[in-house]
Engineer: 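The structure follows.
Values reported hereafter were calculated over all heavy atoms of this structure, with side chains retained and with hydrogens, waters and symmetry mates removed. For reference, positions follow the sequence shown, starting with 1.
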Amino acid sequence: MTSTVDTATDAGRPAPRSGLVAVTRAPAWFRYALLAVGLLVAFWLPNGLYPAVAVDILCWALFAVAVDLLLGFTGLMSFGHAAFWGASAYVTGLTAIHLGLPFPAAVLAGALAAALLAVPIGYLAVKRTGIYFAMVTLAFAQLVYYVANEWRSVTRGENGLQGVPRELFGLDLTDDYYFYYAILPIVLLGLAAAWRIVHSPFGRVLVGIRDNPARARALGYPVHRYKLTAFVLSGFIAGLGGGLFAVGHRFVSLDVLHWTTSGKAVIVVVLGGIGTLWGGVLGAGILVRLEDWLSFSGFEAIGLVTGGIFVLVVLVFRRGIWGSAAALATRWAASRRR
């Protein structure tokens, strides 16, 4: 088969500027203010929303940031990240049920299993780009879905894993309100790790590969190795979210491995803003809250509303909500300096 590596970016079309650039160039006080607001919102969330919904927002925020790490900063569109989200959910559930470990240890085991699964998938997938990369990841995700469905002695097939415990050194975490604050440090560590990755020299190389892989290769960077590393790191962060999702729901079903789960994560990233990192957190909050509100209002065609909003954002806010807001702030700051 003819290799399709880098054909899209080699054509000379520059990639869109990341919304992260505007935030990075903002004054230090503004960045710290944003951080403080974000932390305050995170601590307030279960008091303003149904705690179970707040837990879902945290899990999907990690998932979206993992997808954006690959899509926004490496230029690779994955339609198969449900494989890592779901594989981690199953490993976390099995570890918590059969070994009785505290849930942070079970979640870590699930995330490591997701990262391990990402190695062979990424090794084969990163040799392609564009729609070919997306289709390879989707094919592997469907393979994992098939294995989980057929391996009923372990995964219990369509019945799923039930009664996943929330063990944490004897603490009572049956209430979602307290469970939210128990998982919040794990989520913040995952988000901090993603932030550190994109701000490190490694992250700068990823952006260079996204913008012009041929030039990065000419400078001596092993492009495929960098892409594979980013793929594995993305799988690990997605695994953290998937493991927390399993413990939060106390149930793991085949839905966590379905291709629509990958599609929803991509929608969340586009809604918030590709290449903005924190846009995925904002998109997760909006989409999960909207789905919860529509379901409680008795509206059944939830996909119709979320799909319409997605189309509207793509047409009106080309950079997503966070990216568009960052661009407006940049233009406003530039006009004040004149």
Engineer: Does the pair D175/R166 count as a salt bridge with the N-to-O cut at 4.0 Å?
Structural biologist: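 Between R166 and D175 there is no salt bridge, as every charged N stays at least 4.0 Å from the carboxylate O atoms.
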
Engineer: Please round to the nearest 0.5 Å and tell me the distance separating atom NZ of K227 and atom CG of L70.
Structural biologist: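 So the gap between those two atoms works out to 9.5 Å.
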
Engineer: Using a 3.5 Å distance criterion without hydrogens, assess whether the side chain of T74 forms a donor-acceptor pair with backbone atoms of L206.
Structural biologist: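 A pair under 3.5 Å: no.
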
Engineer: Please check: side-chain N/O of N149 versus main-chain N/O of G157, any donor-acceptor pairing under 3.5 Å?
Structural biologist: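 Not a single qualifying donor-acceptor pair exists.
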
Engineer: I'd like to know if the side chain of H258 and the backbone of T260 have a donor-acceptor N/O pair within less than 3.5 Å.
Structural biologist: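 The answer is yes, because a donor-acceptor pair under 3.5 Å joins these two groups.
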
Engineer: With side-chain contact (heavy atoms from CB on, under 4.5 Å) as the criterion, how do D211 and V207 come out once you've worked through the C-alpha distance, each side chain's angles and the decisive distance to 0.1 Å?
Structural biologist: CA-CA 6 Å; D211 293 344; V207 173; 3.7 Å; yes

Engineer: L228 versus R225: any side-chain heavy-atom pair under 4.5 Å?
Structural biologist: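 No, every pair of side-chain atoms sits at 4.5 Å or beyond.
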
Engineer: Give me the atom names and distance for the closest heavy-atom approach of F251 to V164.
Structural biologist: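 Reported closest heavy-atom pair: N-CG2, 4.0 Å.
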
Engineer: Report yes or no: does Y181 contribute a side-chain atom to a donor-acceptor pair with the main-chain N or O of F43 at less than 3.5 Å?
Structural biologist: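 Side chain of Y181 to backbone of F43: a pair is present.
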
Engineer: Check whether any side-chain heavy atom of L282 lies under 4.5 Å from a side-chain heavy atom of T276, and answer yes or no.
Structural biologist: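 They are not in side-chain contact.
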
Engineer: Keeping S234 on the side-chain end and A230 on the backbone end, is there a donor-acceptor pair under 3.5 Å?
Structural biologist: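 No, because the side chain of S234 does not come within donor-acceptor range (under 3.5 Å) of the backbone of A230.
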
Engineer: Once rounded to the nearest 0.5 Å, what's the spacing between atom CG of D56 and atom CG of L287?
Structural biologist: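 Rounded to the nearest 0.5 Å, the CG-CG separation comes to 11.0 Å.
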
Engineer: Are there over 12 heavy-atom neighbours, none belonging to E158, within less than 6.0 Å of that residue's CD?
Structural biologist: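 Counting other residues, nucleotides and ligands, CD of E158 stays at 12 neighbours or fewer.
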
Engineer: Please assess R250 against T174 for the test side-chain contact (heavy atoms from CB on, under 4.5 Å), listing each intermediate value before the final yes or no.
Structural biologist: CA-CA 10 Å; R250 297 177 145 193; T174 54; 3.4 Å; yes

Engineer: Between Y50 and I286, is there shared hydrophobic-cluster membership here, with clusters defined by ILVMFWY side-chain heavy atoms closer than 4.5 Å?
Structural biologist: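 Yes: a chain of side-chain contacts under 4.5 Å links Y50 to I286.
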
Engineer: Tell me the closest heavy-atom pair linking A194 and I237, and the distance in Å.
Structural biologist: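 That closest heavy-atom pairing would be CB-CD1, 4.0 Å.
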
Engineer: How many angstroms lie between CG in L290 and CH2 in W293, if you round to the nearest 0.5 Å?
Structural biologist: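 Those atoms lie 7.5 Å apart.
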
Engineer: Taking side chain as C-beta onward, heavy atoms only, is T261 less than 4.5 Å from W85?
Structural biologist: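 Yes; the side chains approach each other to less than 4.5 Å.
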
Engineer: Verify whether the ring centers belonging to F63 and F245 lie closer than 6.0 Å.
Structural biologist: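 Distance test on ring centres: not under 6.0 Å, no.
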
Engineer: Shortest non-hydrogen contact from T137 to F79?
Structural biologist: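 Distance-wise, the nearest heavy atoms are OG1-N, 3.2 Å.
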
Engineer: Hydrophobic clusters here meaning ILVMFWY residues chained together by side-chain heavy-atom distances under 4.5 Å, can you tell me if L62 and L39 are in one?
Structural biologist: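 In one cluster with L62: L39, yes.
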
Engineer: Take V281 and W322 through the test side-chain contact (heavy atoms from CB on, under 4.5 Å) and record every step on the way to the result.
Structural biologist: CA-CA 10 Å; V281 179; W322 181 278; over 6 Å; no

Engineer: Any idea how F231 and F84 line up, ring-wise: parallel (<30°), tilted (30 to 60°), or perpendicular (>60°)?
Structural biologist: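 Ring orientation, 0 to 90° scale: perpendicular.
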
Engineer: Is it possible for you to say whether I186 and Y180 belong to one hydrophobic cluster, with membership spreading through side-chain heavy-atom contacts below 4.5 Å?
Structural biologist: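 In one cluster with I186: Y180, yes.
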
Engineer: Would you compute the distance between atom CZ of F73 and atom CG of L277 and round it to the nearest 0.5 angstrom?
Structural biologist: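 That separation rounds to 5.0 Å.
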
Engineer: Look at the side chain of S88 and the backbone N and O of A114, then say whether any donor-acceptor pair between them is shorter than 3.5 Å.
Structural biologist: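 The answer is no, because no donor-acceptor pair under 3.5 Å joins these two groups.
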
Engineer: Taking the side chain as every heavy atom from C-beta outward, state whether M77 and I274 have any pair of such atoms under 4.5 Å apart.
Structural biologist: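 Not in contact.
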
Engineer: For L257 versus A148, what's the shortest heavy-atom pair and its separation?
Structural biologist: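 Minimum heavy-atom contact is CD1-CB, 3.4 Å.
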
Engineer: Do the ring planes of Y226 and F202 sit parallel (below 30°), tilted (30 to 60°) or perpendicular (above 60°)?
Structural biologist: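 It falls in the parallel class, under 30°.
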
Engineer: I'd like to know if V119 and V126 are part of one continuous hydrophobic network [Ile/Leu/Val/Met/Phe/Trp/Tyr, side-chain heavy atoms within less than 4.5 Å].
Structural biologist: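 Linked within one cluster.
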
Engineer: Where do P165 and V247 come nearest, in terms of heavy atoms and distance?
Structural biologist: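 Residues P165 and V247, closest heavy atoms: O-CG1, 3.9 Å.
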
Engineer: Are Y90 and L254 close enough that some pair of their side-chain heavy atoms sits under 4.5 Å apart?
Structural biologist: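 In contact.
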
Engineer: Distance from F103 atom CZ to L168 atom CG, nearest 0.5 Å?
Structural biologist: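 If we round to the nearest 0.5 Å, F103:CZ and L168:CG are 5.5 Å apart.
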
Engineer: Measure the shortest side-chain to side-chain distance between F140 and L117 over non-hydrogen atoms and say whether it is less than 4.5 angstrom.
Structural biologist: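 Of all side-chain heavy-atom pairs linking L117 with F140, none is under 4.5 Å.
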
Engineer: To the nearest 0.5 Å, how far apart are CG in L271 and CG in L312?
Structural biologist: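 That separation rounds to 10.0 Å.
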
Engineer: Would the W195 and H199 ring centres measure less than 6.0 Å apart?
Structural biologist: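 Here the rings of H199 and W195 have centres that are less than 6.0 Å from each other.
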
Engineer: Charged N to carboxylate O under 4.0 angstrom, R289 versus E291?
Structural biologist: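 No.
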
Engineer: Taking a hydrophobic cluster as the set of Ile, Leu, Val, Met, Phe, Trp and Tyr residues connected by side-chain heavy atoms closer than 4.5 Å, whether directly or through intermediates, do W278 and L35 fall within one such cluster?
Structural biologist: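 As far as the 4.5 Å side-chain criterion goes, L35 and W278 are connected within one cluster.
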
Engineer: List the atom of G190, the atom of L240, and the distance in Å for their closest heavy-atom pair.
Structural biologist: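 Shortest heavy-atom separation between G190 and L240 comes out as CA-CD1, 4.3 Å.
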
Engineer: Would you say L184 and L45 make side-chain contact, with heavy atoms under 4.5 Å?
Structural biologist: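 The answer is no; the side chains never approach within 4.5 Å.
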
